[in-house]
Asker: 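Take a look at this one; I'll ask things after.
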Protein chains: 4
Amino acid sequence: MTRSRVVNAKKAKAPATPPAKRPRGRPRSEAAREAILGATLALLRTAGYDALTIEGVAERAEVGKKTIYRHWASKEALIADAVKQIVSEIEIPDTGTTKGDLLALMRDAVRVYRDPENATLMPGLVAAMARSERIAEIVRSGFLAERRRAITVLLDRAVARGDLQSTLDRELALDVLGGPLFYRLLITGRAIDDRLARGVVDLMLHGFAPHSN
Amino acid sequence: MTRSRVVNAKKAKAPATPPAKRPRGRPRSEAAREAILGATLALLRTAGYDALTIEGVAERAEVGKKTIYRHWASKEALIADAVKQIVSEIEIPDTGTTKGDLLALMRDAVRVYRDPENATLMPGLVAAMARSERIAEIVRSGFLAERRRAITVLLDRAVARGDLQSTLDRELALDVLGGPLFYRLLITGRAIDDRLARGVVDLMLHGFAPHSN
Amino acid sequence: MTRSRVVNAKKAKAPATPPAKRPRGRPRSEAAREAILGATLALLRTAGYDALTIEGVAERAEVGKKTIYRHWASKEALIADAVKQIVSEIEIPDTGTTKGDLLALMRDAVRVYRDPENATLMPGLVAAMARSERIAEIVRSGFLAERRRAITVLLDRAVARGDLQSTLDRELALDVLGGPLFYRLLITGRAIDDRLARGVVDLMLHGFAPHSN
Amino acid sequence: MTRSRVVNAKKAKAPATPPAKRPRGRPRSEAAREAILGATLALLRTAGYDALTIEGVAERAEVGKKTIYRHWASKEALIADAVKQIVSEIEIPDTGTTKGDLLALMRDAVRVYRDPENATLMPGLVAAMARSERIAEIVRSGFLAERRRAITVLLDRAVARGDLQSTLDRELALDVLGGPLFYRLLITGRAIDDRLARGVVDLMLHGFAPHSN
DNA sequence: TCCTAAGCGAGACGGTACGTCCAGTCTTCGT
DNA sequence: ACGAAGACTGGACGTACCGTCTCGCTTAGGA
């Protein structure tokens with residue numbers, strides 16, 4: 001089954017040091033970095049974007065403010081980086097049919113954005129995007145790029161199968177698959193559910209079906 | 001031609017309480033109220049949501065801070081009220097054809113959200129929605145309700161004409177018409193143009209065409 | 001026995017201007033005036049000079065702020081007027097001996113400034129004098145002038161009796177009788193008691209005794 | 001000649017706590033402290049007590065308001081500390097005669113309190129004392145304690161010489177030397193001059209002369 | 001008897017300062 | 001040679017009063 005997993009963006013970076021190794025004279029920079037990102041995410045989720053203060057992060061992470069600013073240039077950069085931590089790594093579905101593939105993809109997205117934890121995070125994230133092109137770019141390349149890539153593969157496959165028009169406007173297709181979901185999430189506040197997933201997929205298949213019907 | 005007009009939301013001030021409602025003391029200044037709302041909007045448009053400070057509003061409106069807090073309980077409430085001032089009143093297009101009607105509607109929306117003045121305002125507004133359910137509600141009932149109404153009329157007309165399915169999911173149709181536009185505006189940052197309008201309308205007409213086509 | 005009494009300074013309200021001075025409109029309310037003065041004194045005594053706000057007076061007196069400013073030009077003027085209300089009217093003692101007279105006078109003063117009610121009032125009053133020459137003048141002519149007069153009479157009598165030098169520096173004698181008391185009250189904070197009264201009187205009698213003693 | 005000098009009250013910073021008292025983090029800036037005290041004194045002298053605002057001090061000292069509140073708990077505490085800066089360090093006169101000594105001391109006091117700069121400061125200071133026991137205490141221990149010490153020495157010397165009674169009430173003597181001066185400064189507003197100094201000293205010498213005259 | 005001017009309680013007005021909170025920077029000490 | 005702790009400047013926050021300005025309502029004298 002198709003799965004998006006919330007993964008820790010931590011790179012392999014040091015799987016070592018389980019056997020009681022006290023870093024006497026050496027910095028524990030990576031530990032601080034992770035504590036800060038963790039505290040940032042935790043506060044974003046519990047208190048919301050507005051209540052997120054650098055001082056709060058520093059206190060929760062048991063870290064000096066300067067250490068935060070040593071790693072990130074601004075509050076925005078920190079948030080941007082923290083958000084990267086919850087990138088959805090999208091597995092490209094392969095169910096054998098175009099409809100099955102698209103439905104799997106949409107259902108996965110529905111699942112992600114229904115998760116209360118992400119639902120709490122998203123509005124703040126959008127606020128951050130609204131005020132920082134930098135964060136916007138990070139979200140786009142982090143949150144969305146994977147999804148774009150997956151959709152593109154699916155669309156190519158669908159066109160190859162003759163299920164969709166060869167002249168398909170990829171950009172529009174992306175917006176139609178993603179737009180309604182975010183529209184509900186951010187603007188209308190209506191339910192994000194399976195009915196939405198099915199509706200969008202059906203619309204795609206019918207609306208972008210090859211002309212020579 | 002279809003037009004959205006910025007209208008003043010000032011209303012008849014509640015005719016609902018006839019029984020003896022005379023507050024004592026000097027009445028609140030409508031002039032101050034308007035100056036504050038005007039300053040708020042001006043600053044929202046020029047400087048953005050983050051740069052909007054109560055002190056800035058007070059200075060620009062030549063008003064004491066206390067007066068602002070006397071009229072509105074919070075910054076959010078002020079912004080919410082200011083936003084009410086720029087409700088779009090949507091005229092329902094009637095071109096004779098379903099495609100013409102939908103295209104007129106979408107093109108109007110494209111025009112509105114391409115307007116640099118609104119483009120500057122919108123991200124801040126979304127940020128405000130993200131952090132205040134109150135503002136979100138106002139935006140939904142103000143900005144969007146008119147649009148919903150217009151779309152509903154058009155869809156009914158299209159179904160009556162036999163251009164769309166009678167079983168059409170209205171909610172989905174609304175999201176498909178609006179979602180891609182906001183998705184580009186808030187998330188992907190891609191161009192909002194006539195191509196988008198045409199693409200969405202064509203998709204609707206093909207994808208929601210009656211089954212026995 | 002010698003007595004200082006707190007008297008109401010209310011006077012006959014100037015019968016001096018009979019020639020055609022009748023202001024039009026509603027006359028100013030004497031009740032309001034008295035309520036304001038009463039509230040002012042009460043607040044001065046309980047809360048102190050700093051906690052005395054015009055708004056507080058208005059609330060306590062159940063009066064509009066404008067009414068206060070209609071009667072007095074400033075906060076200082078109000079306080080000045082309120083202070084007039086508690087003028088000490090000093091009775092000149094006549095015990096038959098200079099020592100008895102001076103002692104009676106000093107003991108009366110000691111009694112007055114030990115009274116907790118006056119003790120609460122005085123520091124604020126001094127604060128008011130410190131910042132308003134107007135109030136200072138009122139205090140001087142109200143609180144102190146009576147006392148000066150009494151002392152002058154006693155000194156004259158003492159000189160006539162031959163108990164004090166005929167070349168006595170009256171001004172200095174006044175300061176010596178009053179200074180130590182206020183010095184303790186305002187600066188050193190030490191006890192104002194009978195020992196002080198006796199000490200000062202003895203000092204006077206010995207220090208200002210006729211030279212050919 | 002006897003001199004009072006304005007000295008910096010900076011002290012050895014409490015040698016009383018030897019057991020390991022090193023606070024973590026950046027230590028408080030002595031430069032900021034001094035800038036704040038300097039600005040406070042300057043404003044006290046030029047603008048007066050009432051015109052002294054924390055914001056004004058912060059601006060003049062080029063310091064954040066928070067820094068002021070970090071160093072002093074209140075406006076009063078700040079003023080109290082600022083006043084300490086102009087402590088008069090009294091040199092004990094030694095002219096060879098009791099009269100010469102006392103006269104030197106009184107003339108020094110007269111000189112200090114005639115100085116227009118101090119005269120401007122004093123009323124505000126008294127106002128501050130009136131409203132804050134804390135300030136009162138600081139003034140007593142700063143402004144006055146030195147003076148008390150000097151007077152005590154002089155009185156002891158005078159008693160030893162047989163110029164004053166051995167049973168002299170020291171407390172009363174202190175009040176008689178200081179009271180008239182402050183009485184004029186704060187209450188009667190009369191001139192503080194050499195005549196006052198001479199009068200008080202003569203009174204002391206005669207009034208407190210040994211009994212067996 | 002009505003008219004009209006001024007005073008009344010109430011409270012909003014433009015301002016100034018308050019004392020607090022964070023942002024982002026800088027400084028010290030301990031490990 | 002870091003890193004925690006925390007002080008630094010700066011600026012907005014929301015509150016308290018200042019002295020002024022309406023409101024709708026007395027309260028009186030003069031028309």
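The shown structure was predicted, so the numbers you read here are calculated from the model rather than taken from an experiment. All chains are named by letter (A, B, ...) in the order of the sequence lines, taking the proteins before the strands, and each is independently numbered beginning at 1. Scope of the values below: all heavy atoms of this structure, side chains included, with no hydrogens, waters or symmetry mates.
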Asker: Between P on F/dA12 and OH on B/Y49, what's the gap in Å once rounded to a whole number?
Answerer: 16 Å

Asker: Mark yes or no for whether D/T40, through its side chain, and D/I36, through its backbone, hold a donor-acceptor pair below 3.5 Å.
Answerer: yes

Asker: Need to verify one output field. Residue with the more 5' nearest nucleotide on DNA chain E, D/P27 or C/R28?
Answerer: C/R28

Asker: Show me the pairs that pass salt bridge (Lys or Arg N to Asp or Glu O under 4.0 Å) and involve residues 64-83 of chain C, at least two apart or across chains.
Answerer: C/R33-C/D81, C/E55-C/K65, C/D81-C/K84

Asker: What residues, two or more places apart in sequence or in another chain, satisfy side chain to side chain contact (heavy atoms under 4.5 Å, CB included) together with B/A77?
Answerer: B/W72, B/S74, B/R134

Asker: C/R33 CZ to E/dG7 P: how many Å, rounded?
Answerer: 15 Å

Asker: Tell me every residue that passes side-chain hydrogen bond (donor to acceptor under 3.5 Å, both in side chains) with D/E62, counting only those two or more places apart in sequence or in another chain.
Answerer: none

Asker: So which one's nearest nucleotide on DNA chain F is more toward 5', C/I54 or B/L52?
Answerer: B/L52

Asker: Can you measure C/L78 atom CG to F/dG19 atom P for me and round it to whole angstrom units?
Answerer: 11 Å

Asker: Only counting residues at least two apart or in another chain, list the ones meeting side chain to side chain contact (heavy atoms under 4.5 Å, CB included) with B/E137.
Answerer: B/E133, B/R140, B/S141

Asker: Identify, residue by residue, the members of residues 57-73 of chain B with a heavy atom below 4.0 Å from DNA chain F, and return them in order of residue number, or none.
Answerer: B/K65, B/Y69

Asker: In whole angstroms, how far is the C1' atom of E/dT16 from the CD atom of B/E55?
Answerer: 11 Å

Asker: Using whole Å, what does the distance between atom P of nucleotide E/dT16 and atom CG of D/L43 come to?
Answerer: 17 Å

Asker: Suppose we screen for side chain to side chain contact (heavy atoms under 4.5 Å, CB included). Which residues come up paired with C/R26, at least two apart in sequence or across chains?
Answerer: none

Asker: Listing time: all N or O pairs from protein to nucleotides 2-5 of chain E that are below 3.5 Å?
Answerer:
none

Asker: Could you measure the distance from the CZ atom of D/R60 to the OG1 atom of D/T53? Nearest 0.5 Å is fine.
Answerer: 11.5 Å

Asker: Who pairs with D/A35 by side chain to side chain contact (heavy atoms under 4.5 Å, CB included), at least two apart in sequence or on another chain?
Answerer: D/A61

